Amino acid sequence: MVGLSGLAIACSSSPEANEVPLSTAEADTVVILGSITGDGQTKIEQVMQRFTASTGIEVVYEGTADFATILPVRVAAGNAPDLALFPQPGLMADLARQEQLVPLTKLVERSQLEAAFSPTWLELGTVDGELYGLWSRADVKSLVWYRPEQFEAAGYEIPATWDELMALTERIAASGKTAWCIGMESGAASGWVGTDWVEDLVLREGGPDLYDRWVSRDIPFSHPVIRASFEKFGAIARNPRYVFGGPVGVISTPFGDSPQPLFDDPPGCYLHRQTNFIASFFPADVAVGTDVAIFPLPSIDAATDVPILVAGTVFAAFSERPETRSLVQYLTTAAPHQRWVELESYISPHRGITPETYSSDILRQQAELLANAPFVRFDASDLMPGAVGTGTFWSGMVDYVSGTDLDTVLQVIDTSWPENE
């Protein structure tokens, strides 16, 4: 790979790059717009310090909670940032199809991208055959959290299949205890926890090809596999014997509060399916990896390897300025990803960040699950049109757990799909 000082020289000396106007950014400055704010923004700025020190190019990160609203407005006004850090690749795909984004292969050699990211991640950044997305982080969603000490005391074993998981769930309930903690309340985003469950189950019921067809609307929500996935989730979330607080608790408990009963004495629940970032909501005195551990949400049968559902953030470029080109090339190296995982507890999709890189056993376990998965798919609700994925799919999960007939829920979601999608 090219050294950092070499990046600045190579990019600034490119005749093609020098023909590109400097747009709204000043020379020797790159502007990134993203949805990450607060402490997360501070960490991004720290990640970029080495790039600035090596190249003399200042990185200006602009974080906003209204990213999905502000970015399209700026693009339409001709005031796009050099790069955007997308929390949902659906918006990135929309802008790519509007020819607002610069293909990464205009900024960096394809071979360098292939050396940095696996085919799965390159595919997840591709829109209509063109690569636009450079991934910065992965959130592993297919995790079940449990307390090893409590499992051992009760004689419970880690389930290897969905049937074994449900047998464990019934065993816990039959003893007068509660198996699951689930909380779907998240303000305007309430319901996303339920969509994650369904997405994980669709992957296990139907496999990657069917999942992709579902995301692109080649098959409807009323398809038997999608329906069965809803029903498998409903068998837990709608059963007051199986879930802490019953269905009312599921829809009214904030997602960040929902794992708390796991740590009560005696435990209020024994299982909690949630992404890796839920650890930041655990009580301060909980030692992650010791007091609480993880296993992957099982496959439907033992003969099938466990797929992994992910979310994450992805960079895409709006300009071909030499400064942008230099930063994109830097982001294909392991250095910024190494620094980022040192600052935050998450998984990097970069090939250079091996499981041994992570500071804890539980992060290494997550990285290994991701690396060894037979296939990886991105959160479907983040890929679908907003009216569906973050609209009726989210709200439909709340309606379903509240008791609305499943046929009605699925019909509402299917009919909400924009006609031009």
Side-chain angles (χ1 to χ4, degrees), residues 88 90 139-144 162-163 165-166 169 180-186 189-239 242-243 247 250-251 253 255 258 271-275 278 296-300 304 306-311 375-417:
Q88 296 171 327
D139 292 313
V140 179
K141 293 201 166 201
S142 306
L143 305 177
V144 180
W162 182 261
D163 285 346
L165 181 66
M166 292 308 296
T169 298
W180 292 93
C181 282
I182 305 174
M184 296 204 308
E185 199 284 319
S186 187
S190 292
W192 69 263
V193 171
T195 66
D196 281 2
W197 272 86
V198 169
E199 290 156 5
D200 247 335
L201 287 163
V202 170
L203 278 179
R204 285 153 179 73
E205 288 273 1
D209 293 340
L210 184 141
Y211 186 92
D212 294 342
R213 292 171 58 207
W214 174 48
V215 168
S216 61
R217 206 196 181 187
D218 288 343
I219 63 171
F221 273 76
S222 57
H223 186 280
V225 169
I226 313 305
R227 163 181 272 281
S229 299
F230 270 81
E231 289 173 339
K232 278 183 166 59
F233 170 62
I236 295 173
R238 291 169 46 136
N239 188 335
Y242 287 174
V243 67
V250 172
I251 62 175
T253 302
F255 79 91
S258 60
L271 300 163
H272 183 67
R273 183 228 161 271
Q274 188 51 278
T275 187
I278 198 64
L297 190 72
S299 295
I300 300 300
T304 305
V306 177
I308 296 295
L309 181 72
V310 299
F375 53 87
V376 175
R377 286 298 183 270
F378 202 87
D379 184 301
S381 64
D382 286 345
L383 296 173
M384 294 173 178
V388 181
T390 58
T392 55
F393 193 6
W394 280 0
S395 61
M397 296 310 306
V398 176
D399 293 340
Y400 177 52
V401 174
S402 299
T404 301
D405 175 72
L406 182 55
D407 285 332
T408 300
V409 170
L410 298 178
Q411 182 181 21
V412 168
I413 300 173
D414 274 331
T415 56
S416 71
W417 208 289

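Note that the coordinates shown come from a computational prediction; the quantities given were computed from them, not determined experimentally.
Between Ser381 and Trp394, the shortest heavy-atom contact is OG-NE1, 3.7 Å. Residues Asp139 and Thr275 share a closest heavy-atom pair of CB-OG1, 3.7 Å. In terms of heavy atoms, Ala380 sits closest to Tyr211 at N-OH, 2.9 Å. Contact record, Cys181 with Ser258: CB-O, 3.2 Å, taken as the closest heavy-atom pair. Listed here is the closest heavy atom pair of Val401 and Ile251: CG1-CG2, 3.6 Å. Contact between Trp417 and Val388 at its shortest, heavy atoms only, is CA-CG2, 3.6 Å.
To the nearest 0.5 Å, the span separating CD on Gln88 from CZ on Phe378 amounts to 7.5 Å. The CG atom of Asp200 lies 4.5 Å from the CZ atom of Arg273; values are rounded to the nearest 0.5 Å. How far CD1 of Ile182 is from CD of Gln274: 10.0 Å, rounded to the nearest 0.5 Å. Here Ser142 contributes atom OG and Ile308 contributes atom CD1; the two are 4.5 Å apart, rounded to the nearest 0.5 Å. Atom-to-atom distance recorded for Leu143:CG and Ile278:CD1 is 11.0 Å, nearest 0.5 angstrom. Atoms CG and CG, from Leu203 and Asp212 in turn, are 8.5 Å apart once rounded to the nearest 0.5 Å.
In this structure, the ring of Phe221 has its center less than 6.0 angstrom from the ring center of Trp214.
Judged purely by atom type and a 3.5 angstrom limit, Asp414 uses its side chain to pair as donor or acceptor with the backbone of Ser222. The closest donor-acceptor contact from the side chain of Thr404 to the backbone of Tyr400 lies at 3.5 Å or more, if one exists at all. Side-chain N or O atoms of Thr253 include none that pairs as donor or acceptor with a backbone N or O of Val250 at under 3.5 Å.
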Using the rule given for side-chain contact (heavy atoms from CB on, under 4.5 Å), can you reason through Ser190 versus Met184, listing the C-alpha separation, both sets of side-chain angles and the distance that settles it, and then say yes or no? CA-CA 6 Å; Ser190 292; Met184 296 204 308; 5.8 Å; no
With side-chain contact (heavy atoms from CB on, under 4.5 Å) as the test, would you mind laying out the steps for Val215 and Arg377 before giving the verdict? CA-CA 10 Å; Val215 168; Arg377 286 298 183 270; over 6 Å; no
Begin with the C-alpha distance, continue with both residues' side-chain angles, and end with the deciding distance and a verdict on side-chain contact (heavy atoms from CB on, under 4.5 Å) for Leu297 and Leu165. CA-CA 9 Å; Leu297 190 72; Leu165 181 66; 4.0 Å; yes
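Between Arg213 and Asp209 there is no salt bridge, since no side-chain N of the basic residue sits under 4.0 Å from a carboxylate O of the acidic one. Contact check on Glu199 versus Lys141 returns no salt bridge, with no Lys/Arg side-chain nitrogen under 4.0 Å from an Asp/Glu carboxylate oxygen.
Using a 4.5 Å heavy-atom cutoff, the side chains of Trp162 and Lys232 are in contact. Contact annotation: the side chain of Ser299 approaches that of Pro307 to within less than 4.5 Å [non-hydrogen atoms, C-beta and beyond]. At least one side-chain heavy atom of Met397 sits less than 4.5 Å from a side-chain heavy atom of Phe233. Using a 4.5 Å heavy-atom threshold, the side chains of Ile226 and Glu205 count as separate.
Between Phe255 and Trp192, the ring-plane angle classifies as perpendicular under the 30° and 60° cut-offs.
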